[in-house]
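Sequence positions, counted from 1, serve as the residue numbers for this chain. Being a predicted model, the structure only gives us computed values, none of them experimental. We count ligands from 1, going down the list as the structure has it; atoms in each ligand are counted the same way.
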Amino acid sequence: MSDVLSTDIQFIKGVGPKLAQVLSKKGISTLEDALYFLPRTYEDRRRITKCRDLKPNQNATVLVKVASQREIRLGRKARLEVVAGDETGRVMLSWFHAYPTLKEDFTEGNTLVCFGEVKFFRGILQINHPEYELIRELEKGKPKASLNFGRVVPVYSETEGLHQKTIRRMMGEVVKLSLGSLDDSLPEPMRTRLDLPTLRTSFKEVHFPEECPKENEVSRFLKRIIFEEFFILQLGLGLKKHHQKTDKAPILKSSNSKLTQFLKSLPFDLTQDQSLALKDIEKDLERNFAMSRLVQGDVGSGKTVVALASAVIAGGNGYQTALMAPTELLAQQHFRTAEKLLPETGLVPLVLTHSNASDPDVQDSIRTGRAQLVIGTHALFQKGVKFHKLGLVIVDEQHRFGVEQRNALVQKGEGAHLLMMTATPIPRTLAFTLYGDLDLTLIRQKPANRIPVFTSVLRDRERPKLYAKIRERLQRGEQAYIIYPLIEASEKLELKSATEMYEKLRKEIFPNHSVALLHGKMKADEKDRILLEFKNKQYDILVATTVIEVGIDVPNSTLIAIEHPERLGLSQLHQLRGRVGRGSLKSECILVADAFVTERLKIMERSEDGFEIAEEDLKLRGPGEFLGTRQSGLPGFRVGHILRDSHLLNLAREEALNLLEKDPNLNASENKKICLLVESRWKDKLVRLKGG
Ligand code: ADP
Ligand code: MG
């Protein structure tokens, strides 16, 4: 950032410490911040309307002389009414408070330009609370253009104590002062090819445009600013990705392994998407630099077997694999799957959790390499765990782990490949901004034998129908989930109502069945115990908060009822629904909504495609909400909206990748400036990456 752009806003003419404080609430503390504080909309005040041509319910600018002024007292308050006009007619101007400067400005005989919405009231045309400017002299019968009149005027979002005229005055200064320092960083050939205006012109035009942009239109000048923002992000991600390609990792050849035997021994054929995902991984593993791939696949799309196949490749080449899962139960579940599917390959799996992490035998078999596939929880990256030759790290439900945790595990090897898996599909646009530094693979298809889950929305008053359905399932020996989502803000209260509901279900509604309760405030081992007991059919019904979301597999549980579905995002509902439909039995999901059923929930009845649901969810809630506070790794854009401007994001990504292909380190002279800009914006993030 140039020195000028980093100037403290309080030193700008007309700002000062008091206003600076108000501005800081808007996130404006430097000249550059102000420059990026863009108008919300514009008003065209170029044309002056004659009084005779005024029409009700339209915005208009008039040039009038004050004919009379009247103060109307109502108790302690005083309104002000001014009659003013030009040679064609008159208009009434009025205010609720007759404060002194106003009375002075509208003294009889004064000339002013006024702008506002014209209303027709009691038979006369009026403008209430017009914006105005006192005119001292005219040029050829016209007022001189100012920041507020005789031009297309920017309208900024206001804050208490910050008025349009004040912001405009400041912006006039800001733009004037910064233009000289606004250097174009985009490589010139690219800027010309894409027909993008210069940064200087763009900022000037966005704040004080020549032509009035249409409502809701992104002008080409705004586009230019947004493009740059996206472009820098994409270049940063691209560079990060490029640096990763220099991280050494062992060459793991599929041909050295028992991959073919493994695939043959499976009780099913891989789906096409599973095969393609595995092909991507095979290619990555055969190179001498580290894989960094994210496999996104809906719940039940069969990611585990792809992970196991990758471990088979590593094992065949004499390297160990670490598979990390977010909960002990999931780790156990993966371990059992591994035990079942791996015998043909001779690969030895081992489960590592907090309960056996300090067992010398366990540590020994990891250190000597006897355990070729180590499946575990967070225990995996603890200090005491030493690998013989770690070549592949697989992180299941990757969004549950931080970057540091992931890296801590990778660093247990001397260069290990990294495979991440997630069952939370992320729409393309979002994936580009969040995971642009990773290679992405999608598993969209589900195994063919999957029976669709029938989903319906029930009203609260149809509850008896819900209980009847559950009863029917239980009579057939099946099990059910009842989910009660908590709202963070009133978690205590809500937990009480979840508990009350559990008591009621247990004592009054299903007295002849066993019901268990599971919630986030329980200790990890208690949660695991209850889930395990549920899996072993010791309970018929599991009442749970959303803690149940991740990965648990109980095929005999065939019905899931979700209370207050309106509290959850669509993607979260979809995740929850994924708890059923996991066996050969027909399953059902029931959303128990308040009387008011929203369109949103209907999408759940219609679709079982996690990607489609995620797209809808993103559209409805916006990126911030969609990702939730828990993992808002989303970079804050100052001007771009990833949804509205998704075409620009795609363009920026394409351009960034092309540029890096030709000039991977941005060394060419025409790329020097953009390189500096990327470095300054990405400073901490690129460093953190290198430092691990
Ligand atoms: P997720 O992607 O949610 O992790 P899993 O890997 O747990 O899904 O797989 C869900 C179930 O589907 C498992 O029981 C698994 O054995 C089974 N499965 C995986 N791939 C196939 C396939 N190609 N055909 C049939 N069943 C499959
Ligand atoms: Mg899974």
Do His564 and Glu566 pair up side chain to side chain, a donor and an acceptor below 3.5 Å, judged on atom types alone?
yes
So side-chain hydrogen bond (donor to acceptor under 3.5 Å, both in side chains) across residues 291-314, not counting sequence neighbours, yields Asp284-Arg293, Arg293-Thr441, Asp298-His574
So Phe534 and Tyr481, would you call those rings parallel, tilted or perpendicular, with 30° and 60° as cut-offs?
tilted
Tell me the residues surrounding ligand 1, counting only those with a heavy atom closer than 4.0 angstrom, sorted by chain and number.
Phe268, Asp269, Leu270, Thr271, Gln274, Asp298, Val299, Gly300, Ser301, Gly302, Lys303, Thr304, Pro447, Asn449, Arg450, Arg582
Look at the side chain of Ser557 and the backbone N and O of Val554, then say whether any donor-acceptor pair between them is shorter than 3.5 Å.
no
Just jot down the ring-ring contact (aromatic ring centres under 6.0 Å, His included) partners of Tyr467, sequence neighbours excluded, or say none.
Phe510
Listed partners of Asp359 passing salt bridge (Lys or Arg N to Asp or Glu O under 4.0 Å), at least two apart
none
